[in-house]
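In what follows, a single structure is set out as structure tokens and then discussed.
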Amino acid sequence: AAEDAPSVSDSLSNLGPRVPGSEPAAAASVSDREDDTDDVSSSFLGTLDGGTVLDEAWARGTWLLGLLVLQSSSSAVLERYSDLVKDHIEITLFLTMLVGAGGNAGNQSAISVIRGLATGTIQPTARCALETMWRQTRVGVALASVLAAGGFARVLASRAAFADAGDVVDLAAVDPALVAAIGIATSLFAIVTASTLTGSALPFALAFAGQDPANAGTTIQVCMDVAGVVITCVVCSAVFEHFERVAELGTAVGVVAGVS
């Protein structure tokens, strides 16, 4: 009778549902495991798609080299606006914040689209691209409004850095930090809005061009680094020139009033 009693291993094997293919006969042998170890070791020199490490490094390296050249073009923009950057320290202090916010917002949009393309919830069609870009633009405006308000407060918190911001502020009798905050916040709004739109469009553009949409993640970062510098210089230049004209007008009015 004792010989007919089920063993402990048999009792444990009867617990829970039996999964197809989990029978002892299908268990991996020691030699199979050794083969798997050899495969893992050999994968050090080969990627999952069969290419070598050098193949992957070449494919990624050429893309990164192109992005490096593109990103270096921001130096030409800064050279073009060297006087503006020299006269307004706020641009130097907050430039990394501006381009970083644009890259992060654009990367979020790009990842959202890439995930949709990978799962099939987003189709690589012109109609779907336009709908996605329109949605991301509205999201970008909402995000830009919040971030611009935060950037405005952040610049005002650094008012001590703008004690000697220039004659424009002195003539207009306006807080120099306020002028700087307006320029930085306006730039931030434009950068974030543009980055969300660009980030949502880039994966579709790469897919239509026969490239891997996953490259949009790194590409949008570089694109917004360059575009962020351009937008910041253009917007801040316009804002500061506006206050300069207001200051000059106020000075002229004051002179006329004093003479009369």
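Predicted model, so just to flag it, every value in this text is computed and none were measured.
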Check: So, Asn107 side chain and Gly103 main chain: donor-acceptor pair closer than 3.5 Å or not?
Finding: no

Check: Nearest 0.5 Å, what's the CZ-CG distance between Arg154 and Leu93?
Finding: 9.0 Å

Notebook entry, point to check: Which value, rounded to the nearest 0.5 Å, describes the distance between Ile220 atom CD1 and Asn215 atom CG?
Noted result: 13.0 Å

Next item on the list: Check the pair Arg127, Glu131 against salt bridge (charged side-chain N to carboxylate O under 4.0 Å, His left out), reporting the backbone distance first and the verdict last.
Entry: CA-CA 6 Å; Arg127 177 182 178 85; Glu131 292 177 351; 3.4 Å; yes

Notebook entry, point to check: Rounded to the nearest 0.5 Å, how far does OG of Ser187 lie from CD of Glu90?
Noted result: 10.0 Å

Check: After noting the C-alpha distance and the side-chain angles of Gln221 and Asn104, does the key distance pass the side-chain contact (heavy atoms from CB on, under 4.5 Å) rule?
Finding: CA-CA 7 Å; Gln221 293 279 354; Asn104 292 336; 4.2 Å; yes

Next item on the list: Any chance you could measure Leu117, atom CG, to Asp212, atom CG, to the nearest 0.5 Å?
Entry: 10.0 Å

Next item on the list: Mind checking the OG1-CE spacing from Thr219 to Met224? Nearest 0.5 Å is all I need.
Entry: 13.0 Å

Could you list the donor-acceptor pairs under 3.5 angstrom formed between side-chain atoms of residues 189-207 and any protein atom two or more places apart in sequence or on another chain?
residue: Thr193; atom: OG1; partner: Phe189; partner atom: O; Å: 2.9
residue: Ser195; atom: OG; partner: Gly102; partner atom: O; Å: 3.3
residue: Ser195; atom: OG; partner: Ile191; partner atom: O; Å: 3.2
residue: Ser195; atom: OG; partner: Val192; partner atom: O; Å: 2.8
residue: Thr196; atom: OG1; partner: Val192; partner atom: O; Å: 3.2
residue: Thr196; atom: OG1; partner: Thr193; partner atom: O; Å: 2.9
residue: Thr198; atom: OG1; partner: Ala194; partner atom: O; Å: 2.8
residue: Ser200; atom: OG; partner: Thr196; partner atom: O; Å: 3.2
residue: Ser200; atom: OG; partner: Leu197; partner atom: O; Å: 2.8

Next item on the list: Using modelled atom types only, decide if a donor and an acceptor are shared between the side chain of Asp55 and the backbone of Thr52 within a distance under 3.5 Å.
Entry: yes

Check: Is there side-chain contact between Cys236 and Tyr81, with heavy atoms separated by less than 4.5 Å?
Finding: no

Check: More than 12 heavy atoms of other residues, nucleotides or ligands under 6.0 Å from CZ of Arg138: is that the case?
Finding: yes

Next item on the list: Look only at the side chain of Ser237 and the backbone of Val234, and say whether a donor-acceptor pair between them is shorter than 3.5 Å.
Entry: no

Next item on the list: Could you go through the side-chain contact (heavy atoms from CB on, under 4.5 Å) check for Val229 and Asp225 one step at a time?
Entry: CA-CA 6 Å; Val229 173; Asp225 282 350; 5.9 Å; no

Notebook entry, point to check: Can you check whether Ser109's main-chain N or O pairs, donor with acceptor, with Ser112's side chain at less than 3.5 Å?
Noted result: no

Item checked: Spatial distance of atom CD1 (Ile91) from atom CD1 (Ile184) [nearest 0.5 Å] -> 6.0 Å

Note to self: For Thr119 and Arg115, which I'm curious about, is there any donor-acceptor pair between the side chains at under 3.5 Å?
What the structure shows: no

Check: Are Phe152 and Leu178 close enough that some pair of their side-chain heavy atoms sits under 4.5 Å apart?
Finding: yes

